[in-house]
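Please read the structure below before turning to the comments.
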Amino acid sequence: MTPDTNIAQNLVDIRARIDEAARAANRAPDHITLVAVSKTHDAARIRLALQAGHRVFGENRVQEAEDKWPELKAAYPATELHLIGPLQRNKAKRAVQLFDVIETIDRLKLATTIAREMDEQGRRPDCYIQINTGEEPQKAGILAADADAFIGRCRDGLGLPVVGLMCIPPSDEEPSMHFALLARIAERNGLGRLSMGMSGDFETAVRFGASSVRVGTAIFGSRPVINAET
Ligand SMILES: *Cc1c(COP(=O)(O)O)cnc(C)c1O
């Protein structure tokens, strides 16, 4: 981590690059949300982003988010917190309690548990289905071939508020074809939102229709290697 990372300036710079990529693709910049991925960064650093006016954040672990966010959300009530990491079923209750958006629905048992928790809590975070566009065995997500049926079961069968799709392309491949695939699956299922693109490829994701990009390193600086995941 670089202690002198200028978080406020990075936010301005990334937003400008998103806007520029959007205009180049004939898209409206304000249709693209910047999700600031604050995993591994402490509350003090996150506060710098909040003080700069940023309100949309992503975390990948329930426990870590619970340690940092209740207090931050109380201080900045308009904050929108996205879960972008794998979710275990035994943490579904806590995820529904804390997060405003759950981006990583990737199996039917989890979807079923989340639907039940939503009914019990009367809280309905927006849901994204994670698609494993690269068919990587170690990576979470529904295979593209199974996506239509899975989306139907979540949305129509379980009544989950499914708003879009999310993907993490293989790190060693050109991401465009993965973004295009995600866009096609969303389109044919009538889903309007696409969560795709990270620090290294968010401009490409915008070109392919991302409605939100998940950017961590380019805003907060690098993370400790021990927390590098998938
Ligand atoms: C960590 C993470 C990001 C942010 O990655 P950067 O390369 O730091 O921008 C985006 N999406 C997911 C799912 C992540 O886990």
Side-chain angles (χ1 to χ4, degrees), residues 1-3 5-7 9-18 21 32-42 45-46 48-49 54 56-65 67-69 80-88 91 95 98-107 110 125-134 136 138-142 163-176 178-179 181-182 193-230:
M1 173 162 98
T2 33
T5 306
N6 189 337
I7 291 169
Q9 186 60 49
N10 291 345
L11 282 164
V12 171
D13 292 347
I14 298 297
R15 185 69 243 180
R17 285 170 59 187
I18 292 168
I32 300 150
T33 302
L34 171 57
V35 179
V37 177
S38 49
K39 64 189 187 195
T40 78
H41 297 288
D42 62 20
R45 290 172 71 70
I46 297 170
L48 295 174
H54 199 77
V56 188
F57 293 85
E59 291 280 349
N60 68 334
R61 293 185 179 169
V62 175
Q63 179 66 56
E64 183 188 342
D67 291 342
K68 297 189 290 192
W69 279 99
E80 183 180 293
L81 193 59
H82 292 227
L83 178 63
I84 61 168
L87 178 57
Q88 293 166 332
K91 292 183 183 157
L98 180 62
F99 288 92
D100 305 294
V101 181
I102 297 177
E103 297 201 10
T104 47
I105 309 242
D106 62 358
R107 55 203 194 279
L110 175 64
D126 281 345
C127 294
Y128 287 71
I129 309 297
Q130 182 172 353
I131 307 292
N132 187 353
T133 58
E136 294 173 281
Q138 82 283 9
K139 199 166 271 177
I142 300 292
V163 298
L165 304 179
M166 177 270 211
C167 76
I168 310 170
S171 50
D172 58 349
E173 279 181 34
E174 217 281 309
S176 301
H178 298 278
F179 296 154
L181 173 59
L182 200 71
R193 308 226 207 127
L194 293 171
S195 170
M196 57 191 199
M198 314 189 353
S199 289
D201 56 17
F202 67 87
E203 285 149 315
T204 306
V206 167
R207 210 175 313 132
F208 281 85
S211 58
S212 59
V213 294
R214 309 177 306 266
V215 178
T217 311
I219 295 169
F220 292 102
S222 53
R223 294 178 290 271
V225 171
I226 191 169
N227 281 302
E229 63 291 280
T230 53

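Remember, it's 1-based here, ligands and their atoms both numbered in the order they're listed.
- Under a 4.0 Å criterion applied to the non-hydrogen atoms of Arg214, ligand 1 contributes the atoms 4 (C), 9 (O), 10 (C), 11 (N), 12 (C), 13 (C).
- If you number the atoms of ligand 1 from 1 as listed, the ones under 4.0 Å from a heavy atom of Gly216 come out as 4 (C), 6 (P), 8 (O), 9 (O).
- Near Thr217, meaning under 4.0 Å from any of its heavy atoms, are these atoms of ligand 1: 6 (P), 7 (O), 8 (O), 9 (O).
- For ligand 1, the atoms lying closer than 4.0 Å to a non-hydrogen atom of Ile84 are 11 (N), 12 (C), 13 (C), 14 (C).
- Listed for the Arg214 side chain is no donor-acceptor partner under 3.5 Å among the backbone atoms of Ile84.
- Residues Phe99 and Trp69 keep their aromatic ring centres 6.0 Å or farther apart.
- Contact annotation: Arg223 has at least one heavy atom less than 4.0 Å from an atom of ligand 1.
- Checked by atom type, the side-chain pair Arg193/Ser212 shows no donor-acceptor distance below 3.5 Å.
- Formation of a donor-acceptor pair under 3.5 Å by the Asn10 side chain with backbone atoms of Ile219 is found in this model.
- Between the side chain of His54 and the backbone N or O of Leu34 there is at least one donor-acceptor pair closer than 3.5 Å.
- Applying the side chain to side chain donor-acceptor pair (under 3.5 Å) rule to Lys68 yields the partners Glu59, Glu64; only residues at least two apart in sequence or on another chain are considered.
- When the options Ser199, Ala140, Gly200 are ranked by their closest heavy atom to atom 9 (O) of ligand 1, first place goes to Ser199.
- Near Ile168, with a cut-off below 4.0 Å to any heavy atom, the atoms of ligand 1 are 13 (C).
- Checking Lys39, Glu103, Gln130 against atom 1 (C) of ligand 1, the nearest heavy atom belongs to Lys39.
- In this comparison of Met198, Glu59, Arg61, the heavy atom closest to atom 10 (C) of ligand 1 sits on Met198.
- Taking a cut-off of under 4.0 Å to the non-hydrogen atoms of Val215, the atoms of ligand 1 that pass are 9 (O).
- Partners of Arg107 according to the side chain to side chain donor-acceptor pair (under 3.5 Å) rule, which considers only residues two or more places apart in sequence or in another chain, do not exist here.
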